[in-house]
Colleague: 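Handing you a structure now.
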Amino acid sequence: MKIKEEIKYDFAIVGSGLGGLQCAYILAQEGYKVVIIEKNRQLGGSLQVFSRNKHIFDTGVHYIGGLDEGQNLNQFFKYFGIMQNIDFKKLDNDGFDQFKFKGDDKTYYHGQGFENFENILIKDFPDEQEAIKAYSKKIRDVVEDFPLYNLEPELNLDYYNSEYHRISAYEYIKSLTDNETLQNVLAGSNLLYGGSAGETPLYMHALIANSYIESAYRCVGGGSKIAVHLGKQIRHKNGKIITNNAVVSCNFNTETKEISSVKLAQGEEIKAEKFIFNIAPKEMIRLVGADKFKKAFVNRVNKQKPGISSFSLHLTVKDKSIKYPNYNLYYFDEKNVWDSINYEEKNWPTCALVCVPYSKSTTEFTQVISVLTYMKFEEVAAWKNSVKTDAIKNKRDKSYLEWKKEKEDKMIDFLEDIYPDIKSQIVNVESSTPLTYRDYIGNDHGAMYGIVKDYNNPLKSFMNARTRIPNLFLTGQYLNLHGVLGVTISAFITCFEFINKEKLLEKVKQAK
Ligand SMILES: Cc1cc2nc3c(=O)[nH]c(=O)nc-3n(C[C@H](O)[C@H](O)[C@H](O)COP(=O)(O)OP(=O)(O)OC[C@H]3O[C@@H](n4cnc5c(N)ncnc54)[C@H](O)[C@@H]3O)c2cc1C
């Protein structure tokens, strides 16, 4: 009788967010035997999309920076075969991000390319040339402090050495000019990182702003194209992908004190030499067991503040009713854009990011509109014990559905400032709340971007790829920085633990 050989992988990766997929790709490419385990049906975490009436909506990633030839993400994406296989739509060169403020008829623009960015702002703020140029230079100086963003290996991977972790983004921008409108325009896309005046470090603002000012694109057909491509390539390189099956616990080798296997919800056990967790560290500790870590580490992680969550409205509108905007629109009902995150429930929403997905069938008109705004988890706390995803078919309470409908209506009222006839044009309304994000991604409190990074105490949010358990590693947005670029860099930081850094980066630089 033939005995079935038990598979032992070189790497088991828990979670198929962008970071998990990229680690799997890199390791499989280097000849390792990898398996990814994902709790959802769809790969990609925040790259997931959903469809209604044949229209695709993004749930997380709406636009991506640094994709022009010669720019950092373009080169990283070439290494992953993404540039060669996926279509991207470049947003408007002279206004990829546009900003409107209630009571001000003017629209303000961020242009692509630093010179263009400066010139467009100088036209709107002719007396502020000095401040605008100083801002633009500072953004590039900050990026210089993070060599991996320029595809250069770092001697020391301690990112927290950079002084820009300890400088407030809000204070820095305020120090440049007394012109409050310009301050708001410079920080106007701070929804991309949950900008908080008392917490957000300059490095976070600068790395993200730099990436989009360099160039800004949408993923044609939705961000999930990236996940699907990576999944296909991982399988092609003999990697295995298990979906719809969560990791629920870990087994330990009592002698080596290493993880020997992970147990899945449907009962299987997956053995591997090394384990990479692409999930929230708090959840990782719960699955591995708090007793396996130092108390100080567990306390620190448990005390980390989850970032703010969001409410997203996804509208289908009548054909030929709304022109496709090849830009993102940020709209504020606030005097100071940094106040949006501290909204009061009675005034909600106070800001909106309108992002319109682009697909091959998009004409000069759009039939879909997505709108994103902040939402605190407290607003859904009454229903926090309910869980629902497409894999877990539970129903939410009627009171939750009524509350959600109320929020949808409020958000649509708010949108009337931008699209006065919107109500008569809507065909279908969908929305997602902090509970949706929590259940699909697994982040504490449905936090959009993981934990809060705080310039007052950068070390509080510091996460290393390595853990106390010799064969347990971390990757993803908790490590370094969230967003497509931040997570891509984190995947490399994790893989440098196993692969020679210089050689791997050389392969990235050589990718065509
Ligand atoms: C609303 C929103 C808008 C955004 N907009 C942008 C944008 O426009 N541009 C941009 O660059 N970035 C954007 N981001 C940020 C970006 O999407 C994220 O930073 C990035 O995708 C996170 O990737 P990750 O690798 O950390 O994994 P995540 O996306 O966090 O995925 C983690 C994965 O782990 C899985 N998992 C969790 N627990 C388990 C378990 N026990 N077993 C198995 N699997 C498990 C989850 O199901 C999930 O698939 C946005 C995020 C949000 C939420």
Side-chain angles (χ1 to χ4, degrees), residues 12-24 36-48 57-67 73 97 189 191-194 207-208 211-212 216-219 223-224 226-227 230 242-250 262-265 270 276-284 286-288 307-312 314 328 353 355 357 370-375 389-391 432-434 436-444 446-450 463 474-491 494:
I13 297 172
V14 181
S16 74
L18 178 63
L21 289 168
Q22 289 175 322
C23 283
I36 290 197
I37 306 138
E38 167 55 53
K39 73 177 174 62
N40 292 331
R41 284 184 198 284
Q42 220 185 105
L43 295 177
S46 286
L47 288 170
Q48 289 173 89
F57 293 91
D58 281 305
T59 61
V61 172
H62 299 290
Y63 65 124
I64 304 177
L67 283 185
L73 198 61
D97 276 348
S189 52
L191 217 143
L192 287 176
Y193 47 88
L207 292 179
I208 293 173
S211 167
Y212 290 112
Y217 286 81
R218 287 196 215 296
C219 197
S224 67
I226 294 174
L230 291 172
I242 300 170
T243 55
N244 200 18
N245 209 346
V247 167
V248 289
S249 61
C250 299
V262 288
K263 196 156 176 232
L264 310 194
I270 302 289
I276 299 176
F277 278 60
N278 175 219
I279 67 175
K282 204 170 171 177
E283 184 61 5
M284 179 275 291
R286 194 183 69 79
L287 297 176
V288 174
I308 191 148
S309 190
S310 62
F311 181 91
S312 292
H314 302 285
N328 307 303
L353 162 57
C355 271
S370 288
V371 190
L372 181 73
T373 192
Y374 290 126
M375 185 173 271
T389 63
D390 57 359
S432 50
T433 75
T436 324
Y437 287 104
R438 183 203 60 182
D439 293 351
Y440 272 94
I441 309 298
N443 287 340
D444 195 16
M448 275 192 278
Y449 310 126
M463 296 303 304
L474 303 178
T475 201
Q477 66 179 359
Y478 287 83
L479 219 59
N480 157 48
L481 186 64
H482 66 277
V484 170
L485 178 61
V487 167
T488 299
I489 287 183
S490 298
T494 303

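Atoms within each ligand, like the ligands themselves, are counted from 1 in listed order. Here the structure is a predicted model, which is why all the values come from computation and not from measurement.
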Colleague: Name all residues meeting the ring pair (Phe, Tyr, Trp, His ring centres under 6.0 Å) criterion together with H314; count only those two or more places apart in sequence or in a different chain, and write none if there are none.
Modeller: F50, F57
Colleague: For S310 and L372, indicate whether the former's side chain and the latter's backbone hold a donor-acceptor pair under 3.5 Å.
Modeller: no
Colleague: Have a look at E38, H482, Q42, H62 and point out the one with the heavy atom closest to atom 8 (O) of ligand 1.
Modeller: H62
Colleague: Taking the non-hydrogen atoms of E283, is any one of them nearer than 4.0 angstrom to ligand 1?
Modeller: no
Colleague: Check whether any N or O atom of L287, backbone or side chain, sits under 3.5 Å from an N or O atom of ligand 1, and answer yes or no.
Modeller: no
Colleague: Can you list the ligand 1 atoms lying under 4.0 Å from a non-hydrogen atom of G476?
Modeller: 25 (O), 26 (O)
Colleague: Does the residue F311 have a heavy-atom contact with ligand 1, meaning some pair of atoms that are separated by less than 4.0 Å?
Modeller: no
Colleague: For a side chain to side chain contact (heavy atoms under 4.5 Å, CB included) check, start with the C-alpha distance between I64 and I226, then their side-chain angles and the critical distance, and finish with the verdict.
Modeller: CA-CA 12 Å; I64 304 177; I226 294 174; 3.9 Å; yes
Colleague: Please say whether Y437 places an N or O atom under 3.5 Å from an N or O atom belonging to ligand 1.
Modeller: no
Colleague: As an exercise, identify every atom of ligand 1 less than 4.0 angstrom from a heavy atom of T59.
Modeller: 1 (C)
Colleague: Does any N or O atom in G19 lie less than 3.5 angstrom from one in ligand 1, N or O only?
Modeller: yes
Colleague: Is the backbone of C355 close enough, under 3.5 Å, to the side chain of N328 for a donor and an acceptor to pair up by distance?
Modeller: no
Colleague: Given 3.5 Å as the limit, does a donor-acceptor pair link the side chain of S46 with the main chain of G60, or not?
Modeller: no
Colleague: Compute the minimum heavy-atom distance from L264 to ligand 1 and say whether it is under 4.0 Å.
Modeller: no
Colleague: Evaluate V247 for polar contact with ligand 1, using N/O atom pairs at a separation under 3.5 Å.
Modeller: yes
Colleague: Tell me which one of A227, G307, G483, G17 gets a heavy atom nearest to atom 31 (O) of ligand 1.
Modeller: G17
Colleague: Should S310 be counted as touching ligand 1, given the test is an N or O pair under 3.5 Å?
Modeller: no
Colleague: N/O of Y212 under 3.5 Å from N/O of ligand 1, yes or no?
Modeller: yes
Colleague: Short list, please: which atoms of ligand 1 are under 4.0 Å from a heavy atom of G45?
Modeller: 29 (O), 31 (O), 48 (C), 49 (O)
Colleague: If I take atom CD1 from residue I13 and atom CD1 from residue I36, how far apart are they, to the nearest 0.5 angstrom?
Modeller: 5.0 Å
Colleague: Identify, by atom number and element, the atoms of ligand 1 in contact range of I37, meaning under 4.0 Å from any of its heavy atoms.
Modeller: 43 (C), 44 (N)
Colleague: Do any heavy atoms of Y440 fall under 4.0 Å from ligand 1?
Modeller: yes
Colleague: Taking only heavy atoms of N40 into account, list the atoms of ligand 1 that are under 4.0 Å away from them.
Modeller: 47 (O)
Colleague: Determine whether the side chain, the backbone, both or neither of V487 has a heavy atom under 4.0 Å from any heavy atom of ligand 1.
Modeller: side chain
Colleague: Going by heavy atoms, is N278 under 4.0 Å from ligand 1?
Modeller: yes
Colleague: At less than 4.0 angstrom from any non-hydrogen atom of Q477, what atoms of ligand 1 do you find?
Modeller: 18 (C), 19 (O), 22 (C), 26 (O)
Colleague: Are any of the N/O atoms on Y63, whether in the backbone or the side chain, positioned under 3.5 angstrom from an N/O atom of ligand 1?
Modeller: yes
Colleague: Take every heavy atom of I64, measure it against each atom of ligand 1, and state whether any distance is under 4.0 Å.
Modeller: no
Colleague: Donor-acceptor pair, Y437 side chain versus S432 backbone, under 3.5 Å?
Modeller: no
Colleague: Show the atoms of ligand 1 that are less than 4.0 angstrom away from any heavy atom in L372.
Modeller: 1 (C)
Colleague: In Å, rounded to the nearest 0.5 Å, how long is the span from CG of D390 to CD of Q48?
Modeller: 7.5 Å
Colleague: Kindly confirm or rule out an N or O of V484 lying under 3.5 angstrom from an N or O of ligand 1.
Modeller: yes
Colleague: Answer yes or no: is there a side-chain heavy-atom contact under 4.5 Å between N278 and V487?
Modeller: no
Colleague: For ligand 1, which part of I279 has a heavy atom less than 4.0 Å away: the side chain, the backbone, both, or neither?
Modeller: side chain
Colleague: Return the set of residues passing side chain to side chain donor-acceptor pair (under 3.5 Å) with T488 (not counting sequence neighbours), or none when no residue passes.
Modeller: Q22
Colleague: Nearest 0.5 Å, what's the CG-OH distance between L73 and Y217?
Modeller: 11.0 Å
Colleague: Roughly how far, to the nearest 0.5 Å, is the CG atom of N245 from the CG atom of L264?
Modeller: 4.5 Å
Colleague: Ligand 1 and K39, any nitrogen or oxygen pair closer than 3.5 angstrom?
Modeller: yes
Colleague: Any donor and acceptor pair, going by atom type alone, linking the side chain of S16 with main-chain N or O of G44 inside 3.5 Å?
Modeller: yes
